[in-house]
Amino acid sequence: MNDDARVVEVVPYDPAWPELFEAEQRLLSEALPEALSIEHIGSTSIPGLAAKPIIDISAVVPEVDGVVADLRPLEQLGYVYRPMAFPEDGEHLFFAKDTAGKRSHHLHVFGATSLVPEGNRVFRAYLGANPAAARRYEVVKQRAAELHPDSRARYGAAKEETMTKLSAEARRWSEAAGRQSPEG
């Protein structure tokens with residue numbers, strides 16, 4: 001397989017990622033005027049962390065059904081709805097966007113009652129404040145991408161155990177610091 005066929009690739013941190021998010025955030029706030037928040041999440045939101053060069057975005061809306069009822073604003077921005085991406089979570093919609101024929105953005109839309117966005121915030125803050133934890137995650141991500149460059153699913157599974165451990169560490173860290181916990 002040549003590098004052009006890669007589906008999963010982890011690259012060094014790009015300082016342009018926050019600007020790419022901000023540009024997309026402006027577009028999404030017009031497409032989702034009811035959004036309560038639109039945030040940069042995932043590895044590209046953590047300065048210095050190697051990542052797949054895909055901007056992950058979280059949007060929280062009052063009701064996800066309203067977004068599904070009219071997908072046109074997101075489709076006009078190039079987002080494609082993937083209805084079975086998170087079938088176990090009715091409050092989590094997933095959209096993918098390609099730019100120049102390559103995946104460039106992932107949009108996660110959550111209902112206002114979902115606990116996932118707060119968990120994402122805590123995880124992002126923890127990795128941003130703990131370079132050793134961020135490096136552990138980075139090593140696992142790079143190894144997973146090397147082992148599974150042709151499968152997002154296998155890449156995700158290969159880093160699942162470390163993500164679960166880091167998420168638990170992040171919750172404990174957040175609770176110890178008196179931050180709001182996504183579970184309470």
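In plain terms, the two heavy atoms of Glu91 and Ala112 that are nearest each other are OE1-N, 4.2 Å. Pairing each heavy atom of Glu138 with each of Ala50, the nearest pair is OE2-N, 2.6 Å. For Val122 against Ser174, the heavy-atom pair with the smallest separation is CG1-CB, 3.7 Å. Between Val8 and Ala145 the shortest heavy-atom distance is CG1-CB, 3.9 Å. Scanning both residues, Asp14 and Pro18, for their nearest heavy atoms gives O-CD, 4.1 Å. Considering every non-hydrogen atom in both Ala158 and Ala144, the closest pair reads CB-CB, 3.7 Å.
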request  = With side-chain contact (heavy atoms from CB on, under 4.5 Å) as the test, would you mind laying out the steps for Lys52 and Tyr155 before giving the verdict?
outcome  = CA-CA 11 Å; Lys52 293 181 305 180; Tyr155 164 81; 3.8 Å; yes
message = Determine whether Glu161 and Lys165 satisfy the following criterion, salt bridge (Lys or Arg N to Asp or Glu O under 4.0 Å), listing intermediate values before the conclusion.
response = CA-CA 6 Å; Glu161 183 179 342; Lys165 287 178 183 176; 3.2 Å; yes
request  = Show the numbers, then the answer: is there a side-chain contact (heavy atoms from CB on, under 4.5 Å) between Arg121 and Glu39?
outcome  = CA-CA 9 Å; Arg121 288 181 200 106; Glu39 296 180 58; 2.7 Å; yes
query = Step by step, would you call His105 with Thr99 a side-chain contact (heavy atoms from CB on, under 4.5 Å)?
reply = CA-CA 8 Å; His105 297 78; Thr99 302; 4.3 Å; yes
task = List the steps, then state whether side-chain contact (heavy atoms from CB on, under 4.5 Å) holds for Glu24 with His40.
result = CA-CA 10 Å; Glu24 201 68 16; His40 192 182; over 6 Å; no
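Expressed to the nearest 0.5 Å, how far CZ of Arg82 lies from NE2 of His106 amounts to 8.5 Å.
Aromatic ring pairs are classed by plane angle as parallel below 30°, tilted from 30° to 60° and perpendicular above 60°; the pair His92 and Phe86 is parallel. Using cut-offs of 30° and 60° for the angle between ring planes, the Phe110 and His108 rings count as parallel.
Side-chain contact between Asp56 and Ser45: absent, with no pair of heavy atoms (C-beta onward) separated by less than 4.5 Å.
Residues Ile41 and Leu127 do not share a hydrophobic cluster, clusters being chains of Ile/Leu/Val/Met/Phe/Trp/Tyr side chains in contact below 4.5 Å. Taking hydrophobic clusters as Ile, Leu, Val, Met, Phe, Trp and Tyr residues chained together by side-chain heavy-atom distances below 4.5 Å, Met163 does not share a cluster with Val139. Follow the hydrophobic side-chain contacts under 4.5 Å out from Val7 and you never reach Ile54; the two are in separate clusters. A single hydrophobic cluster is not seen to contain both Val10 and Val140; linkage of ILVMFWY side chains at heavy-atom distances under 4.5 Å, directly or through other members, places them apart.
Under the 3.5 Å distance criterion, the side-chain polar atoms of Ser151 are left unmatched by any main-chain donor or acceptor of His148.
Atom CD of Glu63 is surrounded by 12 or fewer heavy atoms from other residues, nucleotides or ligands within 6.0 Å.
Between Glu146 and Lys141 there is no salt bridge, since no side-chain nitrogen of the basic residue lies less than 4.0 Å from a carboxylate oxygen of the acidic one. Salt bridge Glu75/Arg72: absent, no basic N to carboxylate O contact under 4.0 Å. Salt-bridge annotation for Glu169 and Arg172: absent, with no side-chain N of the basic residue lying under 4.0 Å from a carboxylate O of the acidic one. Between Asp150 and Arg154 there is a salt bridge, since a side-chain N of the basic residue sits under 4.0 Å from a carboxylate O of the acidic one.
One side chain, Tyr137 or Lys159, offers a donor N or O that lies under 3.5 Å from an acceptor on the other.
In this structure, Ser37 has no side chain to side chain donor-acceptor pair (under 3.5 Å) partners at least two apart in sequence or on a different chain.
Cluster partners of Leu27 are Val11, Tyr13, Trp17, Leu20, Phe21, Leu28, Leu32, Ile38, Ile55, Ile57, Val61, Val64, Val67, Val68, Leu71, Leu74, Leu77, Tyr79, Tyr81, Leu93, Phe95, Leu107, Val109, counting Ile, Leu, Val, Met, Phe, Trp and Tyr whose side-chain heavy atoms approach within less than 4.5 Å, directly or via other members.
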